[in-house]
Amino acid sequence: NGSPLNGIKTGLAFDSMMLKHACVCGDNSSHPEHSGRLQSIWARLVETNLASRCDRLRSRKATQEELQVVHTEAHAMLFGTNQINRQKIEASRASFVRLACGGVGVDLDTTWNENHTASAARMAAGCVIDLAFKTAKGDNKNGFAVVRPPGHHAESGLAMGFCFFNSIAVAARLLRLKMPEIRRVLIVDWDVHHGNGTQQIFYDDPSVLYLSIHRHDDGNFFPGTGGSTECGTGSGLGFNVNIAWSGGLTPPLGDAEYLAAFRTIVVPIAREFSPDIVLVSAGFDAAMGHPAPLGGYVVSPACFGHLTRELMQLADGKVVLALEGGYDLPAICDSVQECVRALLGDESAPISDEELSRPPCPSAIETLQKTIAIQMTHWPCVKQLAHTVGFSAVHALKSEHEETETVT
Ligand SMILES: O=C(c1ccc(C(O)(O)C(F)(F)F)s1)N1CCn2c(-c3ccccc3)cnc2C1
Ligand SMILES: [Zn+2]
Ligand SMILES: [Zn+2]
């Protein structure tokens, strides 16, 4: 794994300012989205020498102007400035609630620290913006943003679900506004929760395709949005794809299901869309180790590395991952490690033979068939592999091979 021949490296963004966003109660057990998540991921990247093989970004906070390409002025001011400026916004009083733990929050889950949250949230957005621009310009090969708080639940005028600013959405919109050569942006969201914010922000925008794969359970899993029939609106119709898993945890979904979804829907549609850059809302709460309310699936870290590699086939490899959710510390450290190794071009850890030879479970097959039936009007390519959604990865590989054999 030598250093790249042209000196263009994987970009890596982290800043300790993002560790300071914490509830005043200091009790991590009641706040799963705590700074220990970022601390342990960063430690893992340093101790495995992966950080030293990357190009460390000079991090900075997003400006009000940048935040407002996606967020309303009131929202950007309310959550992006300190007390003084905030008093000028009438919304400020109503926006905060007292939590049972003694802390303050915008809702029961989303804690607010008067002294640190605004800076951390702006820093997260600034890191994703700069990694995205450096990758789009070719100064970086690709990138990983080790950031918190997460962003994909934040809507243009609403903070929720641990999220204040939608970092990925801000970066995508700025690319479209400031780099004319970036005509199409693909956002893939593999966090186990639907990114209602990102969907809302780009719902009528044909230049940004939002593709989410998430646990939905007919709307009975947080945040409840993200049904397969939500395909966009106006000129954006067809540029919103939801792979909305159902069937609860019988069985819990794993590598076989995620590999089938990428093979039959994600990669074919992404190829047809032909993006100039791929941004990934890389939450890892679908990984093994996450209890039901915050996940419940059993995707392996190696599988996330494989999904990263699949996306690197698009957009000349211009792929930027930004951390969203993920709460089990060993699981998220292992998953981030596999993704950064993929970005660096290391060969990947193998996915288990058991998962490679297992067909997707019945509820997953049903979801994939339903999604294909809905999306085929917008993305005709998905018809071609529709008959293979029930194949295991190994079986699918053989059938592709046989097909080429008969053709030639
Ligand atoms: O599941 C969520 C999530 C909010 C944000 C989630 C995310 O998608 O993982 C993100 F945004 F952080 F990346 S996941 N909520 C909020 C917290 N929560 C919980 C909590 C669990 C423990 C302590 C506090 C809340 C159970 N169910 C929920 C619903
Ligand atoms: Zn608290
Ligand atoms: Zn999540």
Side-chain angles (χ1 to χ4, degrees), residues 18 20-38 41 96-117 120-121 124-125 128 145-155 158-169 187-201 210 212-217 219-226 242 244-245 249 253 258 280-297 299 304 321-329 331-332 335-336:
M18 292 181 279
K20 296 187 168 60
H21 162 55
C23 185
V24 292
C25 79
D27 171 13
N28 285 348
S29 63
S30 58
H31 301 296
E33 200 290 293
H34 57 73
S35 60
R37 300 172 60 235
L38 225 57
I41 288 171
F96 296 96
V97 294
R98 176 71 57 189
L99 302 178
C101 62
V104 170
V106 293
D107 63 35
L108 295 185
D109 306 320
T110 314
T111 66
W112 172 263
N113 181 309
E114 179 49 40
N115 300 319
H116 298 299
T117 300
V128 180
V146 183
V147 294
R148 71 180 282 270
H152 71 151
H153 297 305
E155 301 185 358
L158 173 70
M160 64 169 271
F162 308 147
C163 302
F164 299 89
F165 299 131
N166 197 318
S167 305
I168 283 274
I187 298 175
V188 174
D189 187 335
W190 67 45
D191 188 289
V192 81
H193 302 92
H194 180 246
N196 58 290
T198 316
Q199 172 167 299
Q200 180 245 14
I201 289 162
Y210 177 63
S212 179
I213 178 168
H214 54 275
R215 184 177 171 189
H216 186 246
D217 287 352
N220 294 309
F221 189 72
F222 185 89
T225 53
N242 284 322
W245 300 127
L249 300 178
L253 271 56
Y258 277 70
V280 183
S281 271
F284 296 106
D285 36 16
M288 192 174 310
H290 286 84
L294 284 168
Y297 288 174
V299 180
F304 287 113
L321 278 65
L323 182 69
E324 296 279 3
Y327 307 96
D328 178 85
L329 300 187
I332 62 179
S335 300
V336 170

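Note that ligands are numbered from 1 as they come in the structure, with each ligand's atoms numbered from 1 the same way.
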For this session: For the Zn ion (ligand 3), find the closest N/O/S atom belonging to Asp191 and write down its atom name.
Result: OD1
Exercise. Do any nitrogen or oxygen atoms of Asp285 come within less than 3.5 Å of a nitrogen or oxygen of ligand 1?
Worked result: yes
For this session: Answer whether the closest heavy-atom distance between the side chains of Pro32 and Leu294 falls below 4.5 Å.
Result: yes
For this session: Any chance you could measure Leu38, atom CG, to Lys20, atom NZ, to the nearest 0.5 Å?
Result: 12.0 Å
Exercise. Which is the closest N/O/S atom of Asp285 when seen from the Zn ion (ligand 3)?
Worked result: OD2
Exercise. Heavy atoms only: which of Gly283, Pro149, Pro32, Pro223 is nearest to atom 23 (C) of ligand 1?
Worked result: Pro32
Seminar exercise, completed: For His31, the N, O or S atom at the shortest distance from the Zn ion (ligand 2) is NE2
Problem set entry | Top protein contact for atom 14 (S) of ligand 1, by heavy-atom distance | His193 CE1, 3.2 Å
For this session: State, yes or no, whether a side-chain contact exists between Met18 and Ser35 at a heavy-atom distance under 4.5 Å.
Result: no
For this session: Indicate whether the side chain of Asn166 and that of His152 have a donor and an acceptor atom separated by less than 3.5 Å.
Result: no
For this session: Please report which non-hydrogen protein atom sits nearest to atom 11 (F) of ligand 1, along with the residue it belongs to and the distance in Å to one decimal place.
Result: His153 CD2, 2.9 Å
Seminar exercise, completed: The SG(Cys25)-the Zn ion (ligand 2)-SG(Cys23) angle, to 10°, is 110°
Exercise. Is a side-chain N or O of Arg148 found less than 3.5 angstrom from the main chain of Glu33, in a donor-acceptor match?
Worked result: yes
Problem set entry | Main-chain N/O of Gly102 paired with Arg98 side-chain donor or acceptor, under 3.5 Å | yes
Exercise. Is at least one protein non-hydrogen atom found at under 4.0 angstrom from atom 16 (C) of ligand 1?
Worked result: yes
Exercise. So, the side chain of Asp109 versus the backbone of Gly161: is there a donor-acceptor pair under 3.5 Å, distance only?
Worked result: no
Exercise. Taking N or O atoms only and a 3.5 Å limit, does Tyr327 qualify as a polar contact for ligand 1?
Worked result: yes
Seminar exercise, completed: Judged by heavy atoms only, the candidate from Asp107, Leu323, Leu108, Leu294 nearest atom 19 (C) of ligand 1 is Leu294
Exercise. Looking only at side chains, do Asn113 and His21 share a donor and an acceptor under 3.5 Å apart?
Worked result: no
Seminar exercise, completed: For Cys163, the atoms of ligand 1 under 4.0 Å from one of its heavy atoms are 11 (F)
Exercise. Between the side chains of His193 and Asp285, is a donor N or O closer than 3.5 angstrom to an acceptor N or O?
Worked result: yes
Seminar exercise, completed: If you scan protein heavy atoms around atom 5 (C) of ligand 1, the nearest is Gly161 O, 3.0 Å
Exercise. Nearest protein heavy-atom contact for atom 26 (C) of ligand 1: which residue, which atom, what distance?
Worked result: Pro293 CB, 4.0 Å
Problem set entry | Aromatic ring pairing Trp112/Phe96, orientation class (parallel under 30°, perpendicular over 60°, tilted between) | tilted
For this session: For atom 29 (C) of ligand 1, grab the closest protein heavy atom and report residue, atom and distance to one decimal in Å.
Result: Phe222 CD1, 3.4 Å
Exercise. Among protein heavy atoms, which lies nearest atom 25 (C) of ligand 1, and at what distance?
Worked result: Asp109 OD1, 3.6 Å
For this session: Please check if the side chain of Asp189 supplies one atom and the backbone of Asp191 the other of a donor-acceptor pair under 3.5 Å.
Result: yes
Seminar exercise, completed: heavy-atom search around atom 13 (F) of ligand 1 in the protein gives Gly325 N, 2.9 Å
Problem set entry | Within reach of ligand 1, part of His152 (heavy-atom separation under 4.0 Å) | side chain
For this session: Return yes if some donor-acceptor pair links the side-chain N/O of His194 with the main-chain N/O of Arg215 below 3.5 Å, else return no.
Result: no
Exercise. Considering only N, O or S atoms, which atom of His193 is nearest to the Zn ion (ligand 3)?
Worked result: ND1
Exercise. Looking at Asp191, which atoms of ligand 1 are within less than 4.0 Å of one of its heavy atoms?
Worked result: 8 (O), 9 (O), 13 (F)
